[in-house]
Structure formats: C-alpha cells, structure tokens
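Lettering of chains follows the sequences in order, A, B, ..., and the numbering in each one begins at 1. These values consider heavy atoms only, across backbone and side chains, with no hydrogens, waters or symmetry-generated copies.
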Protein chains: 2
Amino acid sequence: MAALRSDAARSRARIIDIARTHDRATLRLNEVAREAGVGVGTVYRHFPTVHALVEALSVDTLDAMLATSRRAAAVPDPGEGLALYLRSALTLQLEDGGLQAVLLSPEDEAEAVRTVKREIFETFASLLEAARAAGAIRADLTVGHLAHLVCGIEHAVRLGSPDDLPLLLQVMLDGLKPQPLATYTG
Amino acid sequence: MAALRSDAARSRARIIDIARTHDRATLRLNEVAREAGVGVGTVYRHFPTVHALVEALSVDTLDAMLATSRRAAAVPDPGEGLALYLRSALTLQLEDGGLQAVLLSPEDEAEAVRTVKREIFETFASLLEAARAAGAIRADLTVGHLAHLVCGIEHAVRLGSPDDLPLLLQVMLDGLKPQPLATYTG
DNA sequence: CGTTCAAGCGGATAGGTCATCCGCTTGAGA
DNA sequence: TCTCAAGCGGATGACCTATCCGCTTGAACG
C-alpha cells in the first residue's frame with residue numbers, strides 16, 4: 001500500500017472510526033460517509049465494497065488470532081494447545097462481528113489480509129495435526145471441519161446469550177475427542 | 001383462514017410454486033410476482049412480508065418436524081429418542097433453507113404456524129427432560145441450548161458440504177453426553 | 001339467469017438505497 | 001511559488017420495495 005496523502009489518511013481513519021460504531025452485518029457506506037463527514041465518493045474510493053471496509057475493521061483481530069495460534073502451538077500438550085486456540089478463536093469471532101465473513105471469504109481485498117489468513121490456517125493445521133498425533137482428537141476431522149464448527153458454535157451463541165459460550169464451547173470440545181464407546185448411529 | 005375465492009387460491013398456489021424455486025434468503029417479492037404471472041399487488045396481498053411467504057413455504061416441513069418429534073417420543077430409550085429427534089430436525093432444517101428463520105422468529109404471521117411451533121417445542125422439551133432423567137445428556141443443557149446448537153451445526157454444514165453432516169452431527173451428539181472425565185477448562 | 005358487490009387483481013409510482021462519475025480542491029514535490 | 005497528481009464531494013442514474021386505487025370477477029341470491 002503506497003503512502004497516503006495526509007488528507008486521505010485522515011479521511012480513511014475517520015471512516016474506520018465511524019464504521020466501528022456500526023453493526024458489521026448492516027453497514028451502509030452512504031450512512032458511514034454522512035456520519036464521518038466525508039463525501040460518499042471518498043468512502044467508495046477507500047473501500048470499493050462493504051467487504052473491503054469490513055476487512056479493514058478486522059485486521060487487528062486477525063493479528064490477535066495469529067498471535068494466539070502461535071501461543072497455542074507453544075503449549076506442551078497438543079490437545080490443550082488446540083483447545084486453547086479453538087476457545088480463543090471463538091472468543092475473537094464473537095467480539096468481532098465481521099471476522100467470520102472475513103475468514104470465510106475466498107477473496108481478500110487487502111494483500112495483508114490474505115497473508116495473515118494463510119498463516120493462521122497453517123498454524124491451525126499444525127495444531128490439529130499435533131493433536132491428532134497425540135490421540136487427543138477424532139482422526140476424521142479436518143481443519144475445515146473445525147473452522148466450520150467454530151463458526152457454527154459462534155452462530156449458536158449469537159442466537160442466545162454470551163453467557164452460553166462456556167457451555168456450548170465445552171460441548172464442542174468434548175465432541176471432538178475420540179469417543180471411548182460406540183455411539184448411537186441409528 | 002376464511003375460504004379463498006377460486007382465483008385467489010390459484011394466485012396463491014402459483015406464487016408458492018414459483019417461490020419454492022428460489023433461494024429463501026434472497027426472495028424478492030416483485031421477482032416472484034413477475035415469474036408467477038401475477039401483479040405485484042397480488043403477491044403483497046397474500047404475503048405482506050417476505051417472512052410471511054417463507055413461513056408459508058415451511059408449513060409442510062413444520063408438520064414433518066412435529067411428526068418426527070412425536071415418533072422420537074415413542075422410542076423406548078430416551079437418549080436414543082432425543083438423538084433421533086436432533087438428527088431429524090437437523091436434516092429437515094438443511095433441506096428447508098427457510099426453516100431456521102421460521103423456527104427462531106418470535107412473531108408468526110400464521111396462527112397455524114404458531115401452534116405447530118409450540119407443539120414442536122413442547123415435545124422437544126419432554127424429550128430433553130426424559131433424556132436428562134435417564135442420565136443420557138448433560139444436566140446443564142436447556143431446550144434453548146439444544147435448538148441453538150442444531151442451528152449452529154446447520155450453519156457449519158452449510159459452510160462446507162452436506163457430506164459433513166454425519167460427522168458434525170456426531171460431534172454434537174457426543175458432546176451432549178455427560179462427560180465421564182474432567183475436561184480441560186483452562 | 002341476471003344482478004350485485006365484496007373480494008381480488010394489476011401495475012403505476014412514490015420513496016428509498018446504492019455506487020459511479022466528474023468537475024473542483026488541495027497536498028506536497030520541485 | 002508553481003504545478004499537477006491525488007483526493008474530495010455530492011449530484012445523479014440505476015435499481016428495488018411496497019403501497020394505493022381504479023378496474024375486474026367470482027359467487028351468492030332472488
């Protein structure tokens with residue numbers, strides 16, 4: 001990203017500040033422009049699509065997610081490491097309402113986002129591999145399954161209250177373990 | 001619902017037929033009107049909101065859900081009964097893309113829908129109670145938690161492929177069991 | 001049947017949102 | 001100070017939703 005002219009940097013920051021006060025799912029670029037005191041054209045030049053703005057709002061959270069995944073990789077017990085990462089990812093996704101969309105989007109506006117996402121997924125994959133090797137997790141689960149499950153639990157928590165997080169997370173974590181006994185498969 | 005005039009019944013049926021061919025999440029009433037060969041006004045008279053139409057598209061599925069819940073209540077083993085219901089509910093929700101919205105909506109357009117939903121939830125609640133009494137499920141889970149979890153798993157399956165259903169369902173079912181050992185709660 | 005009219009129909013259109021385009025302004029390098 | 005690429009604003013065309021009202025029609029009744 002080339003250095004921005006000072007006025008452009010100011011506009012961009014104002015837009016992001018205002019956008020942060022809005023629900024990510026119902027962002028209206030024209031409304032953000034009005035509240036930020038800039039022209040609509042300015043918003044659309046900085047962020048050609050709503051997704052571009054949502055992405056920009058999530059870069060900090062993405063960095064936090066990467067940091068967490070690396071911290072999790074340093075945990076001696078692979079099962080605990082994976083669990084720590086899953087818990088953190090879920091918490092971050094619940095805090096940042098746009099993160100799920102950014103993580104799942106196949107296209108990224110910003111090159112930096114693409115890079116961080118790749119690094120997160122790579123770390124995530126090695127966490128899973130280690131946990132599997134340690135027999136801490138069902139062998140038939142892929143990184144995709146886990147990512148989708150986290151998004152699913154996020155969805156479930158959003159349908160209820162944040163207070164449900166610990167319980168629903170625990171249900172997921174328990175379900176991920178290799179099951180000792182045959183389970184009903186009707 | 002008072003008996004419809006023959007032309008009104010015909011219009012209504014045409015609208016529903018066409019609407020069934022559309023994605024529930026992106027239904028456009030004007031588009032449905034055009035395709036159904038009726039005026040926009042006719043669509044809006046029969047279905048004042050998109051949700052009213054979505055609801056109408058789901059009445060059959062709701063009936064199936066109620067029937068399934070009663071079948072599940074007749075299963076001798078309470079744990080198996082609950083599992084059967086959860087599996088069926090998830091399958092129905094995946095088949096009917098508008099069902100989750102109908103089930104979760106606090107307001108119902110049609111009185112019949114309100115009634116069926118109440119009966120489903122009542123049966124669901126007694127299935128849970130029986131399973132809990134039999135020690136087949138964690139004691140701290142409510143009907144709300146389970147309903148939200150099913151919606152969460154539905155979400156997870158939709159993010160991937162329908163092939164993921166058996167595995168993700170099993171993860172949920174295993175996680176719902178009372179856990180024999182202490183779990184990592186970091 | 002013919003008559004009557006409530007029920008139903010169609011679609012023009014008012015109102016609202018989105019995103020582009022272009023003439024004006026300004027930061028900053030020379 | 002001069003120059004002009006970069007940035008800005010907002011008018012506006014394109015599109016979408018949902019209402020309203022004058023016209024049409026099914027069906028009840030004598």
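Atom-to-atom, CZ of A:F47 to P of C:dT20 comes out at 15 Å; the value is rounded to the nearest Å. Between A:L27 atom CG and C:dC18 atom C1' there is a gap of 14 Å when expressed in whole angstrom units. Between the C1' atom of C:dG10 and the CG atom of B:N30 lies a distance of 12 Å, rounded to the nearest Å.
A donor-acceptor contact shorter than 3.5 Å is absent between the side chain of B:E119 and the backbone of B:L66. Side chain of B:Q100 to main chain of B:G98: no donor-acceptor pair is present (N/O by atom type, distance under 3.5 Å, no hydrogens or angles). Distance alone, capped at 3.5 Å, places no donor-acceptor pair between the B:R12 side chain and the B:F47 backbone.
Comparing C:dC9, C:dA12, C:dT26 by their closest approach to the side chain of A:R5 singles out C:dT26. Of the candidate nucleotides D:dG26, C:dA19, D:dG7, C:dA19 has the atom nearest to the side chain of A:Y44. In this structure, the nucleotide among C:dG8, D:dG9, D:dA18 sitting nearest to the side chain of A:T42 is D:dG9. Among D:dT25, D:dT17, C:dC9, the nucleotide with an atom closest to any side-chain atom of B:S11 is C:dC9. Considering only the side chain of A:L4, D:dG7 comes nearest among D:dG7, D:dT17, D:dA27. Listed candidates were C:dG27, D:dT17, D:dC8. Nearest to the side chain of A:H46 is D:dC8.
Heavy-atom distances to DNA chain C give each of A:D7 and A:G41 a nearest nucleotide, and the one nearer the 5′ end belongs to A:G41.
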- Item | Candidate pair A:E129 and A:R132, rule salt bridge (Lys or Arg N to Asp or Glu O under 4.0 Å), full reasoning | CA-CA 5 Å; A:E129 203 174 334; A:R132 187 185 294 134; over 6 Å; no
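Within the nucleic acid shown, B:R45 comes within 4.0 Å of at least one base atom, counting heavy atoms only.
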